[in-house]
Amino acid sequence: MYALVDCNNFYASCERLFQPKLRGRPVVVLSNNDGCVIARSDEAKAIGIAMGTPAHLSHEMFREHDVRVFSSNYTLYGDISDRVMQTLASFVPQLELYSIDEAFLDCSELGLMDLSKLSLDIRRTVMQNIGIPVSVGVAPTKTLAKMANRYAKKKYKSLGVFYAANNDLVNQMLSETNVEDIWGIGRQYTKLLQGHGFKTALDLSRAPEEWMRTSMTVVGQRLWNELNGIPSIEWEFEAAPKKNICTSRSFGKLTGDKELLREAVSNYAARCAVKLRKQHSVCRSVNIFLNTNPHKTDHRQYMPSVTIECETPTSDTGELIAYALKGLDFVYQKGYLFMKCGVIVNGLIHEDAVQQNMFDSRDREKHKKAANAMDKINRCLGKDAVRMAVQRFDNRYKLRADHLSKRYTTNINEILRVKI
DNA sequence: TCTGGGGTCCTAGGACCC
DNA sequence: TCTGGGGTCCTAGGACCC
């Protein structure tokens, strides 16, 4: 049996944690750059604010309904997430962290324990320890557990848990879930399935296995198995090292200034380098891309990207910045207004598996020591306390974040103050 | 003024090898 | 009418996830 625990309206719940007066009030959290809505409290959902709504189209509505708006504060959400996961880990021998607000729990070795009772217990404990509301779905496969979780939220809102303990309960859930709400079914597959007359998950579970395989390849076969109670998605208890790493941002405002782009690209390359070293990887190539704003149909559009092979696989900040700047030189053209740029490092391998290049004149040991020292200082003093000159300190291209809350739990200067 | 950022898996097709 | 038969590796593109 699999349990899926999911934090309700996670980002909105995190913000409300430190401002209890917002309980019962509509709260939304915006994406980077305050672009669009990415999290909503129940109250915000109830007044019809849709996921992904551009913020600039909603100001009227926010004012009208007295909606509290936040910029996203990933430092805070990441820390609250760690705490929730720690609490969850105390209930089962093993769990898989699936996303910042979700985890699968392995219930297979809990013997005859009453899983409904366990679910309620989890919910109560997380609420008491952390203050974040969660929902729990328990079922024989991951796909069904995801479904059970969604079903709990929809149908047993106040209870917050659903245990698909037998065939009747599984079928009841399947019959009340539409195909488009199944985990793994997106827009394209929804079109395909509806076109063939499949409306509910129950319909799909009874589709001919052969048809699922031929029209949806192995993805369809797996899904068919999972819907029929045959686990076909493996556990991943240990986070696998990433195969590529991307750092990209939209700018606070459009720019064609090459110096500004150099600064942004250097910073993103440096972030990639830190992420690489954290998982003990080096990359074989670096990709740099620029995007104009596709929404501005009257602007000239240009979305170039270029990949540069590293002479020797590396995770060195200075080296990656140099590659990234070389890439920028290659694709940059005057006369365009850019909205976004990014750096992707590809072909990651373990740092110990590097083939030495016999023409390599760089003292890698020395640079590695310097990088490690830099990481250590930055871990203590906050990220980017030490940086390369080209990164600058003034962040002229910085994103918008007009409604940022404090980093209550990770920065001593921003700790919650209580007036008595 | 203003529309996120970061990933995964699968398949097809081309380049190349013996 | 006809063009070998296997392989591997890489990339691009499409689908999906939060």
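Treat the numbers as computed from the prediction; the structure is a model and nothing was measured. First the proteins, then the strands, lettered A, B, ... as listed; each starts at 1.
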**Prompt:** Does a side-chain N-to-carboxylate-O contact under 4.0 Å join A/K155 and A/E176?
**Reply:** yes

Among [options], find the nucleotide with the atom closest to the side chain of [X].
| X | options | answer |
| --- | --- | --- |
| A/T217 | B/dC10, B/dC2, B/dG7 | B/dC10 |
| A/Q188 | C/dC16, C/dC17, B/dG5 | C/dC16 |
| A/S248 | C/dA15, B/dG6, B/dG4 | B/dG6 |
| A/H56 | B/dT3, B/dG6, B/dT8 | B/dT3 |

Just call it for [X]: base, sugar-phosphate, or nothing, with non-hydrogen atoms closer than 4.0 Å on any strand.
| X | answer |
| --- | --- |
| A/R400 | base |
| A/L57 | nothing |
| A/N33 | nothing |

**Request:** Respond yes when some side-chain nitrogen or oxygen of A/K340 is under 4.0 Å from OP1 or OP2 of B/dG5, and no when none is.
**Result:** yes

**Message:** The test is ring-ring contact (aromatic ring centres under 6.0 Å, His included); show your working for A/Y74 and A/Y11 and say whether it passes.
**Reply:** CA-CA 9 Å; A/Y74 290 103; A/Y11 297 169; 5.7 Å; yes

**Item:** Whether over 12 other heavy atoms sit under 6.0 Å from A/K157 NZ
**Value:** yes

**Request:** Map A/A55 and A/V218 onto DNA chain B by nearest heavy atom, then report which one ends up closer to the 5' terminus.
**Result:**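 First, find each residue's nearest nucleotide; the 5'-ward one identifies A/A55.
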
**Complete:** Its dot-bracket string being built from Watson-Crick and G-U pairs below 3.5 Å, with | for another strand and [ ] for crossing, DNA chain C has the pattern ....||||||||||||||

**Message:** Are B/dT3 and A/H295 stacked, with the base six-membered ring and the side-chain ring centres under 5.5 Å apart and planes under 30°?
**Reply:**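 Ring-base stacking flag set for A/H295 and B/dT3.
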
**Message:** Work out how far the P atom of B/dT3 is from that of C/dC18, and round it to whole angstrom.
**Reply:** 24 Å

